[in-house]
Amino acid sequence: MMSLLWNLLVRPVIALQDSEKAHSRSMLSLKLTQKIPPINWLLKLSFRAKELPCSMIEWSLRNPLGLAAGMDKKAENVLAWENLGFGFIEVGGFTAMPQSGNERPRMFRNSAHGALINRMGFNNPGSEVAAGTLAAVQAKRKNPTMKILANLGRSKSTSNEDAADDYCTSLARLWKHVDGFVINVSSPNTPGLRELQEGDALKSLLDSCVSKEKECGGGKPVLVKIAPDLSNEQLEMIIDTSRGAGCAGIVATNTTLERPQPLNKKSSAFISQSGGLSGSPLKHRSTEVIRHIHNHTNGEWPIIGVGGISTADDAWEKITNGASSIQIYSSLVFKGPSVIKEIVNGLTRKLKENGLQSLDEAIGLALRGE
Ligand SMILES: Cc1cc2nc3c(=O)[nH]c(=O)nc-3n(C[C@H](O)[C@H](O)[C@H](O)COP(=O)(O)O)c2cc1C
């Protein structure tokens, strides 16, 4: 019902708006609804999925579906995401310094491809302000039902040589207010950032972040987020380096620089935009990356699978290829919040169909005996 209403009433209005304006208006509406108890109750009633308990890293989650980084860049809608029923969310990316990001327009949408292209460039209030926002929201959460990861990036004005300081500054500021960290070395929109995925640069950055986390008190997992545009050799080097540095897991993947074949004139104009592409055309590649990580680590290292998930079948594919949990961004834009329930309830059905008792049994199922 809610999904029908979304398609009939909300989607056509959003389609008429500039992508970033539509996004900002949606974030503002969520922010306002958080303050109105009857609306919170309605959100829970309409959108919350049934519980699908699972474990990720050392956490017990109410379901394996998370919100991907970049949707809530100010961490201003935590309570709304919790009401909508996510098992976990990733807020940010945050940088040590506040940034306005790249020039607009910088976010593009194409429904024929089911894809977005963005070149936002880490527009965010900076980790100091974000820490204040998160401290205030944490004070209001009496019985938290979802975990919060902070996505960390490098400020544009900081060089790669000084990147560790930038990431560690944000990590220390946010440490008290979140449950874990994702070190993002894979955004295509900050010049040079992806170079931090390479050899010694990656090792030194991750060593610093893991040490800083311990210095702050320890016990909050540090994960790394990678690009889909990597060779198998590069991927294996990143996995080995990150595990060696003590990272608790990996988020695969960020947006891609690859483009799908054009479908028509409108789609040609869309795919010619520079930036990172997300949504349906990323689905296959991100699953390949997840499968490779799972095989390379014998399924022993937690993978958060993200890229082109828009149905329960897509989520199942990611999990059976090795992801222990999943995240969405683009499908929330195209389908609205009912996609959360659709995916989680669909996964529960998939478990039953396959005669499995728990989601943990499904992780890597498609690869057993390969
Ligand atoms: C507008 C936009 C902003 C994003 N910002 C970030 C970010 O700050 N940090 C990050 O790690 N990923 C960011 N991402 C990538 C998403 O977290 C996710 O990895 C990607 O969109 C693929 O998932 P999807 O196909 O479900 O959208 C962003 C994506 C979009 C569309």
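Sequence positions, counted from 1, serve as the residue numbers for this chain. Atoms within a ligand are numbered from 1 in the order they appear, just like the ligands themselves. Computed over heavy atoms, backbone and side chain alike; hydrogens, waters and symmetry mates excluded.
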Taking the side chain as everything from C-beta on, heavy atoms only, tell me whether [X] gets closer than 4.5 Å to [Y].
{"X": "Ile304", "Y": "Met56", "value": "yes"}
{"X": "Met120", "Y": "Asn102", "value": "no"}
{"X": "Thr287", "Y": "Lys318", "value": "yes"}
{"X": "Met97", "Y": "Asp166", "value": "yes"}
{"X": "Leu205", "Y": "Cys209", "value": "yes"}
{"X": "Pro221", "Y": "Phe181", "value": "no"}
{"X": "Ile319", "Y": "Leu347", "value": "yes"}
{"X": "Ser242", "Y": "Trp301", "value": "yes"}

Winner among [options] once heavy atoms are compared against [atom]:
{"atom": "atom 21 (O) of ligand 1", "options": "Pro281, Gly307, Ser278", "answer": "Ser278"}
{"atom": "atom 2 (C) of ligand 1", "options": "Leu282, Asn184, Asn118, Asn151", "answer": "Asn118"}
{"atom": "atom 27 (O) of ligand 1", "options": "Ser330, Ala227, Gly275", "answer": "Ser330"}

query: Could an N or O of ligand 1 be found under 3.5 Å from any N or O of Ala69, whether backbone or side chain?
result: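 Right, the criterion is met.
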- prompt: Is Lys73 close to ligand 1, meaning an N/O of one under 3.5 Å from an N/O of the other?
  reply: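 N/O-N/O distance below 3.5 Å exists for this pair.
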Against heavy atoms of [X], which atoms of ligand 1 measure under 4.0 Å?
{"X": "Ala68", "value": "17 (O)"}
{"X": "Leu116", "value": "31 (C)"}
{"X": "Gly308", "value": "24 (P), 25 (O), 26 (O)"}
{"X": "Met107", "value": "1 (C)"}
{"X": "Phe122", "value": "8 (O)"}
{"X": "Thr253", "value": "19 (O)"}
{"X": "Gly93", "value": "7 (C), 8 (O)"}
{"X": "Ile328", "value": "26 (O)"}

Minimum-distance protein heavy atom relative to [atom]:
{"atom": "atom 4 (C) of ligand 1", "answer": "Gly70 CA, 3.6 Å"}
{"atom": "atom 12 (N) of ligand 1", "answer": "Lys225 NZ, 3.0 Å"}
{"atom": "atom 23 (O) of ligand 1", "answer": "Val306 CG2, 3.3 Å"}
{"atom": "atom 15 (C) of ligand 1", "answer": "Asn254 OD1, 3.5 Å"}
{"atom": "atom 26 (O) of ligand 1", "answer": "Tyr329 N, 3.0 Å"}

field: Ion pair check, Asp313 and Lys350, cut-off under 4.0 Å
entry: yes
- prompt: How are the rings of His23 and Tyr329 set relative to one another: parallel (under 30°), tilted (30 to 60°) or perpendicular (over 60°)?
  reply: parallel
message: Taking atom CG as the centre, does Asn264 end up with more than 12 heavy-atom neighbours from other residues, nucleotides or ligands that are less than 6.0 angstrom away?
response: yes
- prompt: Should we count CD of Glu300 as having more than 12 external heavy atoms under 6.0 Å?
  reply: yes
field: For ligand 1, the portion of Lys283 having any non-hydrogen atom under 4.0 Å away
entry: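 No part of Lys283 is near ligand 1 at this cut-off.
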